[in-house]
Amino acid sequence: MKTTIGNVHKHVNETVTIGVWLHNKRSSGKIAFLQLRDGSGFIQGVVAKAAVSEEAFELSKNLTQETSLYVTGEVVEDARSPLGYELQVSDLEVIQEAVDYPITPKEHGTEFLMDHRHLWLRSTKQHAIMKVRNEIIRSTFEFFNKEGFVKIDAPILTGASAEGTTELFHTKYFDEDAYLSQSGQLYMEAAAMALGRVFSFGPTFRAEKSKTRRHLIEFWMIEPEMAFMDHEESLQVQEEYVSYVVQSVLENCKVELGTLERDLTQLEKIKAPFPRITYTEAIQFLKDQGFDDIDWGDDFGAPHETAIAEAHDKPVFITHFPVEIKAFYMKPDPDNPDVALCADLIAPEGYGEIIGGSERIDDYELMAERYKEHELDGPAYEWYLQLRQYGSVPHSGFGLGLERTVAWITGIEHIRETIPFPRLLNRLYP
RNA sequence: UCCAGCGUAGCUCAGAGGUAGAGCAGUUGGCUGUUAACCAAUUGGUCGCAGGUUCGAAUCCUGCCGCUGGAGCCA
């Protein structure tokens, strides 16, 4: 009977066949231990000389790393195994012999591993990160579906930028200029006016020459947009959403978090509500901490964000940023028009900003004024202004960066390991 | 784009003016409970590229290329 490593617990004391790759091997004169992986998990196969044919034992002694094969054997419980089960191998059949697999069980440098990303994904740590990433995506869809959101897909080829600030990837759209999307937000606003509560999940592109552990050229964003919802209500959705995702990972990725040696006590604390401080309070806090390189009106740098995050053991919202340093569509606070009804969510442990969100301008006249200030016109923007013309309503939304969230939840050092094939400065392959 | 550091065997690194080293991987042999297994033997090099200084350069100098970390910008 053919099965997978993930399902061996259903076949205890039965003989099964599993298609596997040889992850590693230890052998002595009369016994060989095969570390086997099949994508669903890892299991040790024990080949005892007495229990198999002469040929099968010789074969197992000479297996090379990453050789693909079918192993047949009896599933037995064994306390010495981390999985709790082992496979007592009775036969094996090589599918393809792998010669000189480059990634050996010893340590490697970053450049070497990145050049071999297509093979590096096979290692236990990378495997665990991809499983956690998948759980974050799965629980995201579950959360928003549960809350009555409709998944809407934004276009990737666009005629103009949403923010107008960051560098865009330029391309041709037949005879016109086009850009790769850096946010689906404007389209989500249109969709929210049609469907009420929507969210998008898709790739975004930033042609910034950023070279830090928090930046990717191509990354994935989750962008919910909600009609009839003000800024404060949006913050509640955000903290409930993030808490839901973290608790789902804790529940469903125990083995993976163990592989990653993640400090679970840090994650167990992540439950709504999250603390909030205003931008103005944050500036004062930083000055009290001894920062003299920032004043009201400046945006935060990485050290500032980290200092604010370290003062809390949950993600923290920084709200009410100055209007000047935020996007043109953010709604000014009626009580203080110098600041916007917006918030960034800063992850704990120095992982930086994972969410940016705001209530959007819903007044036609004000938006038209902003268009003039920012010199936005033409067919690329006209339609967005029209949304304020036909039944405009208060609405809010936010964008969560998937990879930064994966980095934080898995506790890994660098964002490049959170996406299967990262696009970085100077790296387009593999 | 700016600042700093690093490029030596397939991989991770040592060697800092006198002519190339270790561990791992590979190969061969040994071992019935290994967990980055262990023990013994063994293969393996245009010292990133180009120029310069010197009797002599992996080593010192200059330029270029590549990588790594950080800054800015952002999610």
If the plane angle is over 60° it's perpendicular, under 30° parallel, otherwise tilted; pick one for [X] and [Y].
X	Y	answer
A:Phe205	A:Phe169	perpendicular
A:His108	A:Phe112	parallel
A:Tyr371	A:Tyr381	perpendicular
A:Trp296	A:Tyr279	perpendicular
A:Phe144	A:Phe398	tilted

Which one is paired to [N], where only Watson-Crick or G-U wobble pairs with both distances under 3.5 angstrom count?
N	value
B:rC38	B:rG30
B:rA20	none
B:rG51	B:rC61
B:rA9	none
B:rA14	none
B:rA71	B:rU1
B:rG44	none

Going by an N to O cut-off under 4.0 Å, is there a salt bridge joining [X] and [Y]?
X	Y	result
A:Lys146	A:Glu142	no
A:Arg213	A:Glu417	no
A:Asp344	A:Lys326	yes

What is the distance, to the nearest angstrom, from the [atom1] atom on [X] to the [atom2] atom on [N]?
X	N	atom1	atom2	answer
A:Phe321	B:rC74	CZ	P	11 Å
A:Trp220	B:rC74	CH2	P	24 Å
A:Leu428	B:rG66	CG	C1'	17 Å
A:Tyr101	B:rG10	OH	P	19 Å
A:Asp115	B:rC67	CG	C1'	10 Å
A:His116	B:rC11	NE2	P	8 Å
A:Leu424	B:rG69	CG	C1'	14 Å
A:Met114	B:rG66	CE	C1'	15 Å

So what does [X] hit on the nucleic acid, given a heavy-atom distance under 4.0 Å: a base, only sugar-phosphate, or nothing?
X	answer
A:Phe112	sugar-phosphate
A:Gln44	base
A:Glu223	nothing
A:Glu111	sugar-phosphate
A:Ser27	base
A:Asn426	sugar-phosphate
A:His108	sugar-phosphate
A:Ala32	nothing
A:Leu402	nothing
A:Gly352	nothing
A:His414	sugar-phosphate
A:Glu66	nothing

[X] has a side chain; which of [options] sits nearest to it?
X	options	result
A:Ala50	B:rA75, B:rU32, B:rC67	B:rU32
A:Gln35	B:rC74, B:rU34, B:rG33	B:rU34
A:Arg26	B:rU34, B:rC31, B:rG33	B:rU34
A:Glu107	B:rC74, B:rA75, B:rU12	B:rU12
A:Ser28	B:rG26, B:rA71, B:rC31	B:rC31

For [N] and [M], measure between their [atom1] atoms and round to the nearest Å.
N	M	atom1	answer
B:rC73	B:rG63	C1'	31 Å
B:rG18	B:rG26	P	35 Å
B:rU43	B:rA22	C1'	16 Å
B:rG21	B:rC64	C1'	30 Å
B:rC61	B:rU53	C1'	7 Å
B:rG23	B:rC55	P	38 Å
B:rC11	B:rA25	C1'	7 Å
B:rG15	B:rU32	P	41 Å

Distance test, side-chain N/O of A:Asn24 to OP1/OP2 of B:rU34, below 4.0 Å: no
It should be established whether A:Lys106 places a side-chain nitrogen or oxygen under 4.0 Å from OP1 or OP2 of nucleotide B:rC24. no
Can you work out whether A:Thr104 or A:Leu345 has the more 5'-proximal nearest nucleotide on RNA chain B? A:Thr104
Hey, which of these two, A:Arg416 or A:Lys49, hits RNA chain B nearer its 5' end, going by closest nucleotide? A:Lys49
Ring centres under 6.0 angstrom apart (A:Phe321, A:Phe300): yes
With the stacking rule set at 5.5 Å and 30°, tell me whether A:Phe219 counts as stacking on B:rA75. yes
Assess whether one donor atom and one acceptor atom, taken from the side chain of A:Ser210 and the base of B:rC73, lie less than 3.5 Å apart. yes
Is it the case that the base of B:rC73 and the side chain of A:Arg214 share a donor-acceptor contact (distance under 3.5 Å, atom types as modelled)? no
Quick one: is the NZ or CZ of A:Lys271 closer than 6.0 Å to the six-membered ring centre of A:Tyr244, and within 45° of its axis? no
